[in-house]
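Whatever order the structure lists ligands and atoms in, that order sets their numbers, starting from 1.
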Amino acid sequence: MDKPTPSVTERIDTATGGLRMRRLRQADWSRRLVRETKLSTADLIWPIFVREGRGAPQAVASMPGVFRLSIEDCVAAAKRARDLQIPVIALFPYTDPSLRDANGSEALNPDNLVCRATRAIKAAVPEVGIMCDVALDPYTSHGHDGVMAGDTILNDASVEILCRQALVQAEAGCDVIGPSDMMDGRVACIRQALDAAGHRNTLIMAYSAKYASAFYGPFRDAVGSGGMLKGDKRTYQMDYGNTDEALREAAQDLAEGADMIMVKPGLPYLDILSRLAAEFGVPTFAYQTSGEYSMIMAAVQNGWLDGDKAIVETLSAYKRAGADGILSYFAPTVAAMLRG
Ligand SMILES: NCC(=O)CCC(=O)O
Ligand SMILES: [Mg+2]
């Protein structure tokens, strides 16, 4: 006699040993119970664009919903960050073209826009951490992160200036220095300069794996360096074909004294983030760049994506890949959402 054919249920039970993966997904409570990665407000760093003068926020055309703020409005934004419990804001200046020169001299002015904004925020909202970029691109007439001789970006001469820029910012009250310039040896030199001046508690978050990327376009509009940039940044920012090099960059920054490392851009580089987080086990951050922000916003404005869902899913992906935190222009939106 032929055996009766097993039912589908019997065949599935035999194949799976009775393990039904969908059991854990059956309800909101069970999904929440077993979720491995949780996004929290404490994971967020909010980048803010500062502009000179008083007056209303200026829209950044290529970043819908993002504005350049007066110092007064930056203080208000910092209060909003405090109320939402966002731990850190990162300040980026829009520098008037008349203040730009080949050496980025305005970066060293203790009364430049970023320093004045830092002092004003520290005085009004001391409980929010302030991060400032170290790089010359907001200040140079050629839009590069360092100084040049002909077409060459000079490494060591740039590092000397970057150390002074870091000091000027630390003296204004900046808590976290973010070298984003990708010059060799800058973390060591900045650490030494800070320590020698008594700023032993000033943190360094190194842009360790910063790739030469098309995703920075809208940011360059926001800080006014888009039209200025001569050539590209491929002689100092990383080649997007490389992974092992990112590990070497991060290892070097950590050996030089970086407290935290960063991968930038974020979403197209989750593999890099994942490897760095697994390899070093140090606080590791991702920068959700302006290009990533604007792609989502463009789709939302066209009605092609559900914004809230896409934003939380994207930020959760950074966490899943191993990020301890994310710099995101969505930070206040997400913090408000997480609060419910
Ligand atoms: N150093 C900071 C950046 O270059 C930000 C780039 C972006 O948001 O596209
Ligand atoms: Mg490096």
Practice problem: On the 0 to 90° scale, with breaks at 30° and 60°, tag the Y293-F330 ring pair as parallel, tilted or perpendicular. | Solution: tilted

Practice problem: Using the six-membered ring wherever Trp is involved, compare the ring planes of F49 and F92 and label them parallel, tilted or perpendicular (cut-offs 30° and 60°). | Solution: tilted

Answer yes or no: is there an ion pair linking [X] with [Y], defined by an N-O contact shorter than 4.0 Å?
X: D13; Y: R20; answer: yes
X: D181; Y: R186; answer: yes
X: R116; Y: D111; answer: no
X: D151; Y: K230; answer: no
X: R32; Y: D28; answer: yes
X: R275; Y: D271; answer: no
X: R54; Y: E72; answer: yes

Quiz item: Less than 3.5 Å between some nitrogen or oxygen of T289 and one of ligand 1, yes or no?
Solution: no

Sub-4.0 Å heavy-atom contact, [X] with ligand 1:
X: Y293; result: no
X: Q288; result: no
X: K264; result: yes

Heavy-atom nearest neighbour in the protein, as seen from [atom], with distance rounded to 0.1 Å:
atom: atom 1 (N) of ligand 1; result: D133 OD2, 2.6 Å
atom: atom 9 (O) of ligand 1; result: S290 OG, 2.6 Å
atom: atom 8 (O) of ligand 1; result: Y329 OH, 2.6 Å

Going by the order shown, which atoms of ligand 1 are within less than 4.0 Å of some heavy atom of [X]?
X: S180; result: 1 (N)
X: Y207; result: 1 (N), 2 (C)
X: K210; result: 1 (N), 4 (O)
X: F215; result: 9 (O)

Quiz item: Taking atom types as modelled, is there a side-chain donor on D137 or S225 under 3.5 Å from an acceptor on the other?
Solution: no

Practice problem: Record the part of M262 in heavy-atom contact with ligand 1 below 4.0 Å; permitted values are side chain, backbone, both and neither. | Solution: neither

Quiz prompt | N/O donor-acceptor pair under 3.5 Å between Q165 side chain and N109 backbone | solution = no

Quiz item: What are the protein N/O/S atoms, named by residue and atom, that sit under 2.8 Å from the Mg ion (ligand 2)?
Solution: E249 OE1

Self-check item: Interatomic distance, I153 atom CD1 to T140 atom OG1 [nearest 0.5 angstrom]
Solution: 9.0 Å

